[in-house]
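Heads up, the thing below is written out as structure tokens.
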Amino acid sequence: MAGTTKYLRYIVFAFVCLVVIFFISSSSTVPRDFQSASDLIKDQSSKWRGSQADDVKESTDAAKKPEASTSPNPHAGKTGLSETAPGERMNATFVTLARNSDVWEIARSIRQVEDRFNHRYNYDWVFLNDQPFDDTFKKVTTALTSGNTKYGEIPKEHWSFPEFIDQEKAQKVREDMAARKIIYGDSVSYRHMCRYESGFFFRHPLMLDYEWYWRVEPSIELFCDINYDTFKYMADNNKKYSFVLSLYEYVETIPTLWDSVKGFMSKHPEHIAEGNSMAFLSDDDGNTYNHCHFWSNFEIGNLDWLRSQAYIDYFNHLDRDGGFFYERWGDAPVHSIAAGLMLPKEQIHFFNDIAYYHVPFTHCPTGEQTRLDLKCHCNPKDNFDWNGYSCTARFFETNGMQKPEGYEQNQ
């Protein structure tokens with residue numbers, strides 16, 4: 001009996017050894033229809049979760065497709081900013097007036113605009129200068145932009161004293177303003193810039209290719225994501241001009257500007273729009289100017305309007321009166337008065353959701369949820385909108401608009 005038990009143990013041991021050898025040899029041979037790791041995962045997923053596997057695949061494929069929404073409400077979409085936005089593009093461009101020495105300041109601005117908006121839309125960028133752009137400026141700016149870059153030189157006749165300007169009189173004005181310490185009061189180039197932005201940038205050959213523009217200056221900052229096409233919003237909502245900051249102009253720089261405007265209105269009443277924004281510009285129905293204007297270092301606007309006969313007549317009238325050189329008329333009040341008088345008030349738009357800084361003023365969106373939704377990094381305490389020197393409250397009142405939630409906290 002003991003011998004039989006001993007033989008049975010040998011037989012069992014031998015059988016176990018054969019089984020082990022069989023499994024080792026099997027694992028060392030890869031079948032021809034071997035599945036990849038991802039195939040195995042998919043296969044096991046269908047076994048583990050049955051019909052749920054199809055649901056997972058559909059949701060994964062959907063996540064790869066960009067959202068098709070073109071809603072002007074930036075809070076409605078949650079599209080990842082790394083994606084290229086779907087949909088058509090408008091005939092639009094950014095435009096910057098800059099010198100070669102501004103290259104690093106404008107580089108900062110470009111990066112702000114690209115990071116917060118344009119890397120999803122790839123709009124062009126036009127750079128204008130009264131001198132030829134150098135290679136460094138071109139290389140740096142081209143490297144930073146996602147759209148095409150174009151570089152234009154300003155014609156001499158658009159950046160010089162017109163023949164009807166008394167040079168001696170203009171020089172005395174500059175000397176007087178310098179003595180009174182009026183900002184840019186003694187600058188010739190600043191006056192050329194203001195005149196050019198008022199009456200010529202939209203007529204440059206490079207700009208004639210476009211219908212819409214967004215003006216960008218050196219050293220600006222954008223604090224919030226812009227998750228929709230601002231140009232398309234303007235077009236879809238019949239807007240012609242827009243702003244983010246407004247304030248009162250320096251009285252000393254425009255003492256006779258409104259007199260010139262009234263002369264234009266008397267000469268061209270056909271250009272004055274019904275339902276305009278005179279109440280934003282004047283406290284006495286147009287007799288005097290209250291000095292409110294939209295800060296034009298940020299503008300998104302319609303170039304066809306600026307190239308219209310109405311605006312050209314307006315600019316030519318002001319230009320002949322000489323205030324760009326005999327005083328120091330800025331392009332901001334010139335543009336603002338034109339928009340306020342020649343556009344129905346519904347065609348002027350305030351972009352509360354575009355957070356913006358240009359020294360020394362900040363527009364930080366009013367409303368905490370807006371700032372959170374748009375990933376803003378501005379301090380709401382810096383918001384200028386509801387400051388006593390701002391004209392934005394007047395704009396809201398003129399248009400019968402409800403002020404944004406939380407505006408009282410910024411007063």
Side-chain angles (χ1 to χ4, degrees), residues 81 92-160 183-184 186-210 212-226 230-231 244-245 295-301 303 330-332 335 354-363 377-378:
L81 289 179
T93 186
F94 296 96
V95 59
T96 293
L97 186 63
R99 301 161 295 187
N100 288 310
S101 58
D102 294 326
V103 60
W104 301 116
E105 286 74 22
I106 195 58
R108 171 184 171 184
S109 299
I110 294 171
R111 190 58 190 260
Q112 296 281 325
V113 173
E114 291 289 336
D115 287 356
R116 288 298 195 173
F117 171 77
N118 198 45
H119 72 283
R120 298 187 65 230
Y121 294 95
N122 314 135
Y123 280 110
D124 292 350
W125 210 301
V126 173
F127 298 95
L128 301 174
N129 189 353
D130 64 310
Q131 301 293 327
F133 283 107
D134 60 30
D135 289 341
T136 297
F137 190 99
K138 291 180 179 180
K139 286 190 292 185
V140 170
T141 53
T142 298
L144 290 171
T145 54
S146 59
N148 296 319
T149 53
K150 302 181 182 181
Y151 303 89
E153 187 172 350
I154 297 170
K156 295 297 182 185
E157 60 269 25
H158 294 168
W159 196 275
S160 58
I183 186 170
Y184 302 121
D186 62 342
S187 174
V188 174
S189 63
Y190 189 83
R191 286 173 168 81
H192 288 321
M193 181 275 291
C194 289
R195 180 172 179 259
Y196 184 76
E197 294 281 24
S198 296
F200 296 108
F201 86 91
F202 49 86
R203 292 188 267 187
H204 191 282
L206 292 179
M207 296 298 293
L208 297 179
D209 295 334
Y210 300 99
W212 300 92
Y213 75 101
W214 179 335
R215 177 172 164 182
V216 179
E217 295 209 351
S219 297
I220 62 106
E221 187 165 3
L222 295 180
F223 296 106
C224 304
D225 290 344
I226 305 170
T230 56
F231 297 115
V244 294
L245 285 164
W295 221 23
S296 61
N297 47 67
F298 170 96
E299 294 177 323
I300 300 176
L303 289 162
D331 55 279
H335 284 190
I354 298 182
Y356 175 81
Y357 170 79
H358 182 291
V359 61
F361 299 118
T362 295
H363 165 64
H377 69 277
C378 55

How long is the straight-line distance from [atom2] of [Y] back to [atom1] of [X], given to the nearest 0.5 Å?
{"X": "His363", "Y": "Phe223", "atom1": "NE2", "atom2": "CZ", "value": "10.5 Å"}
{"X": "Leu97", "Y": "Asn297", "atom1": "CG", "atom2": "CG", "value": "12.5 Å"}
{"X": "Arg215", "Y": "His335", "atom1": "CZ", "atom2": "NE2", "value": "6.5 Å"}

Mind checking what makes side chain to side chain contact (heavy atoms under 4.5 Å, CB included) contact with [X], not counting sequence neighbours?
{"X": "Arg111", "value": "Asp115"}
{"X": "Ile220", "value": "Ser109, Val113, Val216, Glu217, Leu222, Tyr356, His358"}
{"X": "Ser189", "value": "Ser187"}

Within the 4.5 Å heavy-atom criterion, are [X] and [Y] side-chain neighbours or not?
{"X": "Tyr196", "Y": "Leu128", "value": "yes"}
{"X": "Thr141", "Y": "Thr96", "value": "no"}
{"X": "Phe231", "Y": "Ile300", "value": "yes"}
{"X": "Trp104", "Y": "Val140", "value": "yes"}
{"X": "Phe94", "Y": "Glu114", "value": "no"}
{"X": "Trp125", "Y": "Phe127", "value": "yes"}
{"X": "Phe201", "Y": "Leu303", "value": "yes"}
{"X": "Asn118", "Y": "Thr145", "value": "no"}

Worksheet item: Looking at Ala355 and Cys378, what are the two nearest heavy atoms and their distance?
Response: CB-SG, 4.3 Å

Response to the item:
On a heavy-atom basis, the closest approach of His377 and Arg116 is ND1-NH2, 2.9 Å

Fill in: Carboxylate-amine/guanidinium contact Asp209 Lys150, below 4.0 Å
yes

Discussion item. Taking Arg120 first and then Asp225, would you say they form a salt bridge - that is, a charged N and a carboxylate O separated by under 4.0 Å?
Written reply: no

Residue pair [X] / [Y], side-chain donor-acceptor N/O under 3.5 Å:
{"X": "Ser146", "Y": "Tyr123", "answer": "no"}
{"X": "Asp124", "Y": "Tyr210", "answer": "yes"}
{"X": "Glu197", "Y": "His192", "answer": "no"}

Worksheet, complete the sentence: The residue among Thr362, Val244, Leu245 that forms side-chain contact (heavy atoms from CB on, under 4.5 Å) with Tyr357 is Thr362

Donor-acceptor pair, [X] side chain versus [Y] backbone, under 3.5 Å?
{"X": "Asp102", "Y": "Ile106", "value": "no"}
{"X": "His204", "Y": "Glu153", "value": "yes"}
{"X": "Thr149", "Y": "Thr142", "value": "no"}

Donor-acceptor pairs under 3.5 Å, side chain of residues 131-139 to any protein atom, not counting sequence neighbours: which ones?
from: Asp134; atom 1: OD1; to: Thr136; atom 2: N; distance (Å): 3.3
from: Asp134; atom 1: OD1; to: Phe137; atom 2: N; distance (Å): 2.8

Worksheet item: What pairs with Phe117 under ring pair (Phe, Tyr, Trp, His ring centres under 6.0 Å), at least two apart in sequence or on another chain?
Response: Tyr121, Trp214

Worksheet, complete the sentence: Sequence neighbours excluded, the answer for disulfide bond (SG atoms under 2.5 Å apart) partners of Cys194 is none

Worksheet item: Near Tyr184 OH, under 6.0 Å, is it more than 12 heavy atoms from other residues, nucleotides or ligands?
Response: no

